[in-house]
Protein chains: 2
Amino acid sequence: MAAPRKARSADNGARLRLIAATATIMRDEGYAAATSRRVAAEAGVKQALVYYYFPSMDDLFLEVLRAGTEVSLNRIRDALAADDPLTALWTLNSDLRMTALNTEFMALANHRKAIRAELKSIAERVRDIETAAVTVALRARGIDLQAAPPVAVSMLIAQTARSLCNEEAVGVTLGHDELREFVEHQLRTLGAPSPEAAHSVD
Amino acid sequence: MAAPRKARSADNGARLRLIAATATIMRDEGYAAATSRRVAAEAGVKQALVYYYFPSMDDLFLEVLRAGTEVSLNRIRDALAADDPLTALWTLNSDLRMTALNTEFMALANHRKAIRAELKSIAERVRDIETAAVTVALRARGIDLQAAPPVAVSMLIAQTARSLCNEEAVGVTLGHDELREFVEHQLRTLGAPSPEAAHSVD
DNA sequence: GTCTATAGGCGGATAGAC
DNA sequence: GTCTATCCGCCTATAGAC
């Protein structure tokens, strides 16, 4: 917090470049490769500057996580405003680009308290947003919310999509076509709001 | 391969202790903490001995993975031989003990070819075993295997259980009760082999 | 099979000049 | 705000004694 945050004063964007560089290296080579020297080089600055902006490397990792959060949350909110929130949820969590970085942070979170707390907070915000969208969608389809709690349906869709991405990232694809087809079939079946339910919402 | 494998000759179990020590440290502090010095200390030997048994630290990581494989596969096979394979699959993958180590290896696999290949091979063997058990269970329940492909059902159950564990490991529990209850309700519904199906198998 | 010793490098972090 | 220079520790890996 001692380091400048929004102070766009004399800073040439080095802070932002450092955050972006760290994310890139973590994604491509793992958190262990994201050293102060490597991220500085990637950002085009000298190593000591890292410690001008961030008290320690752990703080930098935390900032990488925070920087991605608002962007992600907005993407999620936008996507879930679409016609079919259930399919949107599936597509959203099938995005392979975030997978590697997520895995790194999960691994980090297992051993660093600050990362764990931040990740928990983010995960819960995401879940709240996704569950809200699913609630609306299920209600519009006339589905009994007691029998199929929106939060459970939301998690099922999102976690399944993520699991497929995680596996794909390490080259495992056995059964993926079948599971994708199965899920997408269920989504199509639930696809359109049922007529009688549409009335009951009026 | 130059290092002794099953040579129980004059070795006091140092090799096995090194593998166990590495697993412990990876689980507790992450793969980056599993250095030759730390694992040697944990195993009660000197650092250089690590390089007598393993050409490099990466090779040691690989051996940790391999050592766990046979144990795990047997556990899985045993569990799935139970009365209710679907519930067994759910319980099996809800085991919190393996979670942290799995996460470490997933992260490692994203950046090391040898680990990735080994993990892929293991994952596919596990999937084959689990799918076989699910196939039998679904058939016994008279479920249409075209509409619900065993590999998809198997993945859905296993991956959902694992996702819950992964989240729990970082302290996220929002919605877990609802999802567990939902899944377990579905499992109960599918619980007993249906009478007519039982006949059709005769 | 296990050790001591060491080479040579990279790591986090700080002091202080500009 | 960015740099140079530096401290000091830990790392992987090897050589060679016992």
Side-chain angles (χ1 to χ4, degrees), chain A residues 1-22 24-26 28-64 104 107-108 111-115, chain B residues 1-22 24-26 28-64 104 107-108 111-115:
Chain A
M1 302 300 178
R5 276 304 206 92
K6 288 288 176 185
R8 313 289 294 97
S9 44
D11 140 31
N12 286 327
R15 195 188 124 93
L16 290 178
R17 285 207 313 280
L18 281 169
I19 291 175
T22 306
T24 300
I25 294 173
M26 285 180 73
D28 295 349
E29 303 179 48
Y31 65 79
T35 68
S36 58
R37 283 172 172 79
R38 296 271 283 103
V39 303
E42 178 83 18
V45 298
K46 297 298 174 179
Q47 183 248 357
L49 197 61
V50 172
Y51 294 92
Y52 172 76
Y53 286 107
F54 310 96
S56 73
M57 287 305 293
D58 272 25
D59 292 279
L60 171 51
F61 290 150
L62 213 44
E63 290 306 313
V64 171
E104 293 301 321
L108 266 180
H111 313 293
R112 318 237 183 156
K113 228 168 34 179
I115 302 275
Chain B
M1 302 302 176
R5 276 308 205 91
K6 287 288 177 185
R8 313 290 294 100
S9 44
D11 140 32
N12 285 325
R15 195 189 125 93
L16 289 178
R17 286 206 312 280
L18 281 170
I19 291 176
T22 305
T24 300
I25 293 174
M26 287 181 72
D28 295 348
E29 303 179 47
Y31 67 79
T35 68
S36 58
R37 282 174 170 76
R38 297 271 284 98
V39 303
E42 179 83 19
V45 297
K46 298 298 174 180
Q47 183 249 355
L49 196 61
V50 172
Y51 293 92
Y52 172 75
Y53 285 107
F54 310 97
S56 74
M57 287 305 292
D58 272 24
D59 292 280
L60 172 51
F61 290 150
L62 212 46
E63 290 305 312
V64 171
E104 292 303 319
L108 266 179
H111 313 293
R112 318 234 184 159
K113 227 168 34 180
I115 302 275

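Here is how names work: the chains are called A, B, and so on, in the same order as the sequence lines, proteins then strands, and each is numbered from 1.
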With axes from five pairs an end, tell me the bend angle of the helix from dG1(C)-dC18(D) to dC18(C)-dG1(D), nearest 10°.
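Rounded to the nearest 10 degrees, the bend comes out at 10°.
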Which residues satisfy the side-chain contact (heavy atoms from CB on, under 4.5 Å) test with [X], sequence neighbours excluded?
{"X": "S36(B)", "result": "Q47(B), V50(B), Y51(B), M57(B)"}
{"X": "A33(B)", "result": "I25(B), E29(B)"}
{"X": "A43(B)", "result": "R17(B), L18(B), A21(B), V45(B)"}

Does the side chain of Y52(A) get closer than 4.0 angstrom to OP1 or OP2 of dT2(D) through an N or O atom?
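Checking Y52(A) against dT2(D): no side-chain N or O falls below 4.0 Å of OP1 or OP2.
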Rounded to whole Å, how long is the line connecting atom CZ of R15(B) with atom C1' of dT2(C)?
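Nearest whole value for this atom pair: 16 Å.
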Taking all non-hydrogen atoms of both residues, which atom of Y31(A) and which atom of E104(A) are closest, and how far apart?
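Scanning both residues completely, I find the closest heavy atoms to be N-OE1, 2.9 Å.
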Over all strands shown, is V45(B) touching base, sugar-phosphate only, or nothing at heavy-atom distances under 4.0 angstrom?
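V45(B): backbone/sugar contact only, no base atoms under 4.0 Å.
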Within-4.5 Å side-chain heavy-atom neighbours: L108(B) and M26(B):
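The answer is yes, as the side chains (C-beta and beyond) meet within the 4.5 Å cut-off.
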What one-letter contact string describes nucleotides 4-16 of chain C from 5' to 3', where B marks a base within less than 4.0 Å of any protein heavy atom, S marks contact via sugar-phosphate atoms alone, and - marks no contact?
B------BBBBB-
For D28(B), check salt bridge (Lys or Arg N to Asp or Glu O under 4.0 Å) against everything at least two apart and list the hits.
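Residues passing salt bridge (Lys or Arg N to Asp or Glu O under 4.0 Å) with D28(B): none at all.
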Partners meeting ring pair (Phe, Tyr, Trp, His ring centres under 6.0 Å) with F61(B) (sequence neighbours left out):
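Result, ring pair (Phe, Tyr, Trp, His ring centres under 6.0 Å) vs F61(B): none returned.
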Can you name the side-chain hydrogen bond (donor to acceptor under 3.5 Å, both in side chains) partners of S56(B), sequence neighbours left out?
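S56(B) satisfies side-chain hydrogen bond (donor to acceptor under 3.5 Å, both in side chains) with D59(B) only.
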